[in-house]
Amino acid sequence: MDTTETINIIDGKARALEVREALKIEVDKLKAEDKITPGLAVVLVGEDPASAVYVRNKSKACEKAGIESFKHTLSAETAEDELLALIDELNKDSRIDGILVQLPLPGHIDEDKVIEAITPEKDVDGFHPFNVGKLMTGKPVFESCTPLGIMDLIASTGIELKGKDAVVIGRSNIVGKPMAMMLLAEHATVTIVHSRTQNLPEKVRGADVIVAAVGIANFVKGDWVKEGAVVIDVGINRLDDGTLTGDVDFAEVSQKASAITPVPGGVGPMTIAMLLKNTVKSAKRRIAKK
Ligand code: NDP
């Protein structure tokens, strides 16, 4: 049976493009009416090839949206103090609305210290404890880009989150935890499961919305998923043959889900779109303060 017509695939690539096009219009307006160009500083430390690709993609996306990108590439041997001094400079630079330090950093640099050195006003990644706390108290300023993009994708399915049961698989600071907070803010009943959870499939089975952020290829199986659930696959796993796959067994789960994100082409493109969105938001806050 050809099931491709009945599977409701959430097209993150197309939605991200829409968001970016809308941002371009906003940026053009900011340039014309307020005479400001939003600016994003992107800092890369070391030569990790995956990080280099992410940074290149972010800079390119900025350019396309009319956002000025300031790229700083530092060697893997850069001392922590040197990186902190650069962040201090970027904090003070009035052309810059957002600062992104590509993670992971080399082992000799304390990531928490670096994240905390970025002024919360320019923390467009939403990783600073101030912004994490604001999210927690229901008064978010900058929210972590990946879960923010996921909320947009969930909204695009038309599902009303109020009163629904959501399960988030994974509890990282950049995906799982902020994801749970955002779903809670929309009045879902949220369960977070992780590597120490007992009877994990049982807990997933009750969910109307499933967000998988585990980092294990094809982890979520078809018989863990309730008929009609919305399934969001955050995972990016490279298989031995070089192909990318998510944390959800797409072939099985797509037979049960009412909507599902593919990998690639689901959550990934939304992360960058939300980074640009946060940068434009920061630029508008700059204008409001003038
Ligand atoms: P982390 O490694 O930081 O967290 C993984 C989480 O999964 C942990 O909470 C861990 O539990 C849990 N976990 C690991 N093994 C199991 C298991 N066997 N059973 C249940 N839970 C388990 O990963 P991230 O959150 O940073 O990323 C998750 C995935 O999403 C990765 O594939 C990553 O590449 C991808 N990603 C994609 C992004 C995008 O833009 N599309 C952005 C960010 C991440 P515990 O806490 O107990 O160890």
Side-chain angles (χ1 to χ4, degrees), residues 9-17 19-20 42 48-58 60-61 100-105 111-112 115 124-127 132 135 142-154 166-183 190-205 207 210-221 224-225 231-240 242-250 260-278:
I9 295 176
I10 305 170
D11 189 344
K13 211 168 156 192
R15 176 62 194 140
L17 196 64
V19 172
R20 285 166 55 172
V42 183
D48 177 54
S51 292
V53 172
Y54 290 140
V55 164
R56 211 170 32 245
N57 289 345
K58 286 167 188 173
K60 253 197 255 165
L100 178 148
V101 178
Q102 185 64 46
L103 303 178
L105 291 168
E111 273 184 11
D112 288 341
I115 289 169
V124 286
D125 253 339
F127 294 165
V132 174
L135 173 63
F142 295 117
E143 296 162 276
S144 183
C145 299
T146 300
L148 191 58
I150 292 171
M151 290 305 284
D152 182 298
L153 292 179
I154 293 175
V167 169
V168 179
I169 315 176
R171 56 173 165 177
S172 70
N173 288 334
I174 64 168
V175 189
K177 285 185 205 159
M179 184 77 253
M181 281 301 136
M182 290 180 205
L183 290 164
V190 186
T191 304
I192 307 176
V193 297
H194 47 78
S195 70
R196 316 294 207 281
T197 298
Q198 294 188 3
N199 306 321
L200 188 147
E202 209 45 61
K203 295 187 167 72
V204 177
R205 265 181 209 121
I210 301 165
V211 179
V214 192
I216 301 177
N218 302 323
F219 183 73
V220 178
K221 303 294 176 204
W224 299 11
V225 176
V231 180
I232 306 291
D233 190 349
V234 189
I236 304 174
N237 307 293
R238 196 169 286 281
L239 300 179
D240 290 343
T243 54
L244 288 183
T245 192
D247 288 346
V248 174
D249 187 324
F250 187 88
I260 183 168
T261 58
V263 176
V267 173
M270 289 302 284
T271 299
I272 293 188
M274 292 302 124
L275 173 70
L276 304 182
K277 193 172 179 177
N278 277 347

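In listed order, ligands and their atoms are each counted from 1. Numbers here are sequence positions counted from 1.
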What protein heavy atom lies closest to [atom]? Include the residue and the distance to one decimal.
{"atom": "atom 33 (C) of ligand 1", "result": "I236 N, 4.2 Å"}
{"atom": "atom 23 (O) of ligand 1", "result": "S172 CB, 4.4 Å"}
{"atom": "atom 36 (N) of ligand 1", "result": "V234 O, 3.7 Å"}
{"atom": "atom 31 (C) of ligand 1", "result": "G215 CA, 3.7 Å"}
{"atom": "atom 40 (O) of ligand 1", "result": "T271 OG1, 2.8 Å"}
{"atom": "atom 42 (C) of ligand 1", "result": "T146 OG1, 3.3 Å"}
{"atom": "atom 19 (N) of ligand 1", "result": "F219 CZ, 3.3 Å"}

Heavy-atom proximity to [atom], best of [options]:
{"atom": "atom 46 (O) of ligand 1", "options": "M274, R171, R196", "answer": "R171"}
{"atom": "atom 45 (P) of ligand 1", "options": "A213, S195, G268", "answer": "S195"}
{"atom": "atom 7 (O) of ligand 1", "options": "V211, D233, V214, V267", "answer": "V214"}

### Message
Out of all atoms in ligand 1, which are within 4.0 Å of some heavy atom of G170? Include the element for each.
### Response
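By the 4.0 Å cutoff, the relevant atoms are 6 (C), 7 (O), 9 (O).
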
### Atoms of ligand 1 close to I174 [distance to a heavy atom under 4.0 angstrom, numbered from 1]
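Counting atoms of ligand 1 from 1, those under 4.0 Å from I174 are 26 (O).
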
Is there a donor-acceptor pair under 3.5 Å between the side chain of [X] and the backbone N or O of [Y]?
{"X": "N199", "Y": "E202", "answer": "no"}
{"X": "D125", "Y": "L100", "answer": "no"}
{"X": "D233", "Y": "V211", "answer": "no"}

### Message
Tell me the closest heavy-atom pair linking F127 and V132, and the distance in Å.
### Response
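Heavy atoms of F127 and V132 come nearest at O-CG2, 3.7 Å.
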
#### Entry: Heavy-atom pair of closest approach, residues S172 and V175
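It is OG-N, 3.1 Å.
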
### Message
Please confirm whether G176 approaches ligand 1 to less than 4.0 Å, judged on its heavy atoms.
### Response
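The answer is no, since G176 has no heavy atom less than 4.0 Å from ligand 1.
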
### Message
Check this for me - ligand 1, I216, N or O atoms closer than 3.5 angstrom, yes or no?
### Response
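Among all N and O atoms of I216, none is under 3.5 Å from an N or O of ligand 1.
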
### V175 and ligand 1 - part of the residue with a heavy-atom distance under 4.0 Å
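Within the 4.0 Å criterion, V175 contacts ligand 1 through side-chain atoms alone.
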
### Query
Which is it for L200 and ligand 1 at heavy atoms under 4.0 Å: side chain, backbone, both or neither?
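Side chain only.
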
### Task
Kindly indicate, with the supporting measurements, whether the criterion side-chain contact (heavy atoms from CB on, under 4.5 Å) is fulfilled by D247 and I169.
CA-CA 10 Å; D247 288 346; I169 315 176; over 6 Å; no

### Query
Are there protein heavy-atom neighbours of atom 27 (O) of ligand 1 below 4.0 Å?
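So atom 27 (O) of ligand 1 lacks protein heavy-atom neighbours under 4.0 Å.
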
### Task
Considering only protein heavy atoms, determine whether one is less than 4.0 Å from atom 48 (O) of ligand 1.
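Answer yes: something from the protein, a heavy atom, is under 4.0 Å.
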
### Query
At what distance, to the nearest 0.5 angstrom, does CG of L135 lie from CE of M179?
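CE of M179 is found 10.0 Å from CG of L135.
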
### Query
How many angstroms lie between OG1 in T261 and CD1 in I9, if you round to the nearest 0.5 Å?
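So the gap between those two atoms works out to 9.5 Å.
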
### Query
Does some side-chain heavy atom of R20 sit less than 4.5 Å from a side-chain heavy atom of L276?
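Side-chain contact under 4.5 Å: yes.
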
### Message
Please evaluate residues V220 and D249 with respect to the criterion side-chain contact (heavy atoms from CB on, under 4.5 Å), reporting the C-alpha separation (whole Å), side-chain torsions for both, the decisive distance (0.1 Å), and the verdict.
### Response
CA-CA 6 Å; V220 178; D249 187 324; over 6 Å; no

### Query
Can you tell me if K58 and Q102 form a side-chain donor-acceptor pair at under 3.5 Å?
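Indeed, the side chains of K58 and Q102 share at least one donor-acceptor pair under 3.5 Å.
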
